[in-house]
Structures are given as C-alpha cells and as structure tokens.
Amino acid sequence: MNVPHKAAGTGDAGRVASVMQEDRLFPPPSAFSQRARIGSLEEYRRLYEAARTAPASFWDERARALPWMRPYDTVLDWQPPDAVWFRGGLTNASAACLDVHLAAGRGEKTALVWVGEPTGERRTLTYRELHAEVCRLAAGLSRLGVKPGDVVSIYMPMTPELVVAMLACARIGAVHSVIFGGFSSEAIADRNNDAQAVAVITADGGWRRGAKLPLKANVDEALTKSPSVRHVIVLKRTGQPVSMTAGRDRWWHDVVDGMPCDTPPAAMDSEAPLFILYTSGSTGKPKGIKHTTAGYVLWAKTTAEWVFDLRDDDLFWCTADCGWITGHSYVTYGPLAAGASILIYEGAPNAPHEGRFWEIIEQEKPTIFYTAPTAIRSFMKWGMQHIEGRDLSSLRLLGTVGEGINPEAWIWYHEVIGGTRCPIVDTWWQTETGGIMMSPLPGCTPTKPGSCTLPLPGVVPEIVDAEGRPVEQGQGGWLVMNAPWPGMLRGIWGNDERFREAYWSRVPGKYLAGDNARQDADGYYWIMGRIDDVLNVAGHRLSTIEIESALVSHPSVAEAAAVGRPHEVKGEAVAVFVTLRGGEPNDALKDALRKHVRHQIGALAVPDDIHFAAALPKTRSGKIMRRLLKDVAAGRETVGDTTTLEDYTVLATLRGNDE
Ligand code: WTA
C-alpha cells in the first residue's frame, strides 16, 4: 500500500499535491487491546455509526454522567453555525471535575502529582484536597466581587494553583482566559482589553530553565494599558521581590485565608461561557476562542477516555502548559472529569539537564505520556545518553499533538520511549475544536506513522475543494467538518462577524478547519499543513501578520514580511524580511528588532532569521509574494510562477543580501 502524506506545496484552489510514501502499519498490541475500553475496530465502527446516525441519543447517554442541577430539555439545537447543546440544563464544570468524585467516594484518590522545576520539589493533591483549594479560591474571588460572566485572566507558571485558578473561576461561573507565561506585557494588555477582564491571577514569578520569569512585573506593565482590571491575585512562587499596589493587588494566601472548603458550585447554563483562549488567525489580532460549559466538558472527558483509554490506576502526563488548549482539555478538564490522576511538571524539559523528563518518568511512573513532535525532535537531538539506563517501563501509551509528526520521529518515539510496546496516538485537533477530533484509538486502530488515522465518534470530516465539492479519494484539499460536536467553539469573543467569516463562509454551512488534508485508500487522514498565513512554530500557532505588525511598529522599520522556513526541531522557524525607514542594517539593529518582537508579543514569536532588504517582492497589485520569500528563507531555488512579480530585480537582490 502506498500512502502519500506530505504536501509538496499548497495551491490556492484548495487542491494540494502530495508526495512522500509511508506504508508501515502498526497494529495495536493484543495485550493492550484486551484491556482497552474500545478493543476492536467493530466496536469503534458501532460507536461511530451510532454517533453519526443518532447524535442526540448518543450524546444524551453520555451527558448523564455530568452533574446536572437541572436536566436539559433538548440535546442539540443546530442552526449553523450556532449550536446549542443541552439546552435548559444547569451544571458546573468544576463540579464535573471534583464534586462528582467526592460524591462517589473517591475523594482520597490522587488527583494531581506536581513536580517543580527546582530539583526535589514535589506535591500531591487528592481530589478532596484539590476540591478544598478550589472552593477556597472560589470564595475569595466572590468576596472580591467577581461575578458569574466576569472574565478573569490567568497568567501563571505550571503549578497546581494554575489548575486551581481555572477550576475556581468555573466554580463561580467566571470566565477564565489563560495567557501563556511566555507572552509579553503587551500581549497581556491586549487580551485583558479585548475580554474586558476584571481580575488577573498571577504569581510573583515562575521558574524557566533555572531563571525566574518576571510574571508580576509583566502584569504590572500590562495594567498600565488595561484599565478594566480591578483586582490582582498574586501567588508566592519564587519569592522574588514584587511591587504590590494597595487596593488592587493581594497575595493568594491572603485571599484564601479563612475561606470555606465547601463553596457550592454555581448553577451555570449549559451554554454559559467557560473560558476564552486566544489563538492566532490570519489577521494581526488574536482571536478569543469561546468555549461553553456542558458540551466542552463532555467532549474533553469523553475524548480523554476514548483516546487515552484512562483506567483507575493510570497516571497521565500531558506535558502541555495550561496556557494552550492542550493544557485546558488534557491537563485540567478532560482527565479530571474522567477521575484520572494527572502529573504536572513545572519547568523546561532540559532543566537542569536534558534527561529531566526521563528522570521524572523513572521517579513518578506515569503510564501515559502525551507531548508534542517538536519536543520529540529535541529529545532525538539531545541524544541517547540521557535516556539509556532510565527505567521507562511504567509507560503503556504515548501520544502526540500540535503538528504532524514526521515518520522518523514517530519510529524513534515508538522504539526508544515506548520500547515498541506502547501504541502511539497522533491526535489532530485545534483550539477551536475543544478536544481531539481525529486520532487512533489505542486498543483498536492500526497506526501509520504520520497519520492521525480516523475521526472519533461524533466527528464527520470531509475534504473539499475551494468550491466546497468533495475531492477524489487520495487528493488533497481543505478539511471541513460536516456535523456539530459538543466541544466545538461557540464563537470568537466579541466578534460574531469574524467567527462566521473565518470558519463558516468559505465553505458555507461547514466548519473550515484551516488545514489541508488528504484521505488514503484505508480512509486514514493525513494532515498537510495550514491553508492560511498561520505558522506552526514548535507546535504553537503564530500569525505572520502579527509578527509583521510588531516589526512595523518599530521606528526603524518601513515594511516587513514574515514567513516560515523548515526547522529541524521546531518544525517551522520564523524568517522575516525587513525594509528600513532609517538606521543601519547591522547586528545591533537585528538585536533591537528581536527585543522589540519579544516585547510586543513574547519570546515565542522572536524571529530566527532577520533579512534586511532594499525592497520586498510584490505583485503588481502590491501584495507581498510570500511564496518567493519562503523559497529565499529556506535557501531554495524559486520555482513556480513569478510573472506577476512587479520588480524582478528585487528577488535577485534579496538572494544577494542573504545572510
Ligand atoms: C496543527 C493544538 C497535524 C494543525 C491542539 C491545527 C496538527 C493546529 C496536529 C491547531 C496533528 C495539531 N497533526 N497537525 N496531530 N495537531 N495540528 O489551535 O495545523 O494550537 O490546525 O491546537 O495545529 O493548533 P492549536
């Protein structure tokens, strides 16, 4: 069987050519299948057909496991693009993650094992203890005047308190907006302003590769530009000095002091917003993706159970930060709603040494490990000496997310980390989808390195061309969803028009994922990259236009173009082309521009390569020809059509300037 899986290039018409061949097939180990929740393809197909043909009864059956304070009247009302799941029901996401387990007599089960970046720091919390912490902070937030529907930004290191903060907001019906700790004060201010956040929960600092991140100082700077924030709650984590503004800033330990351990969960409408999470789209302004209560929690829980085959004795380690959707759905809501035990590590995989993850696995014995291909490529690069001699035998299942995994890395992961006994689930999904959409089920789906295989029950994908017509099997095209699912986004915060435009208009009535994909002869899906100007750098979405806007806001820059170029570890690296308004094109200016982008967006967007150019290649209508710049950035010969190029000499000059 020949299974092409990688894009050779993307075409504007929604059709994509694919080249590489991958024909290895890995059936699930029978020992795994025998104990799995879904142990055969027949069982998968039965579930898939049930969800497809009778979604209401399928989801009704599963939604009964959520704690309902008032039952819903209808399972689904679908007026594309608006879905109402479980209309009329009242529930609470923190109760679904905590109270249900206490009520079932599982309060003494370990909910969370936490390992700090500084060696030797470790804490565990049972479900009862986690519940108590959440209740205390929830009461503290209410006492400060935070009300249901208010937005609370969370800008914290990966500590148990980050999970507590999310669940405390959920408990009182406040909407959390977690901002990744790597974002700058400008990015915090933008998000606070867009969401009109009333409070920020942060920490004095956070550990990152032995250094202390100035989290509180970043918040202080952000608040000079985001006046809606009335309260700041500060966790003491690193002990570094911070300034506290009287009347606005309070220590976490003071806020929870004397607060009750049994704050009742607010009865929230099924469709009440649970959180906003900002992600990059194809414009300069990040989108606040809105997720709501009942459907999201049900999707996170159900997909966690299916894909990770969670059992009572599992310890689940998802290495994502809660600043990203993966940390929302598979650190916090999914596994906790499923009653699993989660492992959280605060720091970097190479702190204090490049074998830190394997040391943690040896010590804590997680059974499931879920990480990103970019991390796997780093491990490969760092070398076997960090892994040899480590006992990784606790692992029974491996997963990946965030970008496609190249077959070489897949095989390495399978052999070196999984000891050839662990199935690998390559999970395709997005901030917008709320949870995993396509993935092998580890007990039944034979895997092919580089393919996210088949859709989960409830997911009805299709591959279409730019006219919305299904492409022939084997042909690349746009990935769309043909049916609503409980975890789907419910909008872009404050921007209904952009929601409709970005996801529902190009192929009317269908959800446009923004990825190219193809389906092979076995019906397996192969993701082929984005259709828009969104980069995937180390598994993080970055908009080229956001980076360009940041650069152009520097006084020396006249014009800028950002493109991705292939990178061995990060998948894509950011290359920028800059024309100057003034100043000398030298290394000092490069440093200044890098610093500027770090300040405007954050360290994750800092360009890897900066090319100074006298002019940028443009079409006659003035559009920057990114395709050509991509070739220059990657050091490739320019192929394809350059007939619309306004000034042929620009390209030659750019190559001459290449540094
Ligand atoms: C990409 C992360 C190939 C894809 C959960 C998607 C993937 C974007 C995979 C979403 C995968 C994610 N194979 N590509 N298994 N998983 N992607 O919103 O382009 O940060 O659209 O969500 O990452 O990124 P986001």
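Whatever order the structure lists ligands and atoms in, that order sets their numbers, starting from 1. As a basis for the values below, the full set of heavy atoms in this structure was taken, side chains included, without hydrogen atoms, waters or symmetry mates.
- Within 4.0 Å of ligand 1, protein heavy atoms come from I325, T326, V401, G402, E403, G404, D426, T427, W428, W429, Q430, T431, D515, I527, R530, N536, R541.
- Within the structure, every pair that satisfies the salt bridge (Lys or Arg N to Asp or Glu O under 4.0 Å) test and touches residues 477-496, not counting sequence neighbours, is listed here: E271-R490, D496-R500.
- Partners of D190 under the side chain to side chain contact (heavy atoms under 4.5 Å, CB included) rule, at least two apart in sequence or in another chain, do not exist in this structure.
- Applying the ring-ring contact (aromatic ring centres under 6.0 Å, His included) test between H291 and each of Y333, Y296, W299 identifies Y296 as the sole match.
- Within the model, atoms OG1 of T544 and CG of L535 stand 6.0 Å from one another, a figure rounded to the nearest 0.5 Å.
- A donor-acceptor pair shorter than 3.5 Å can be found between the side chains of T371 and T319.
- Within the structure, the salt bridge (Lys or Arg N to Asp or Glu O under 4.0 Å) test picks out no pair touching residues 318-344 (sequence neighbours left out).
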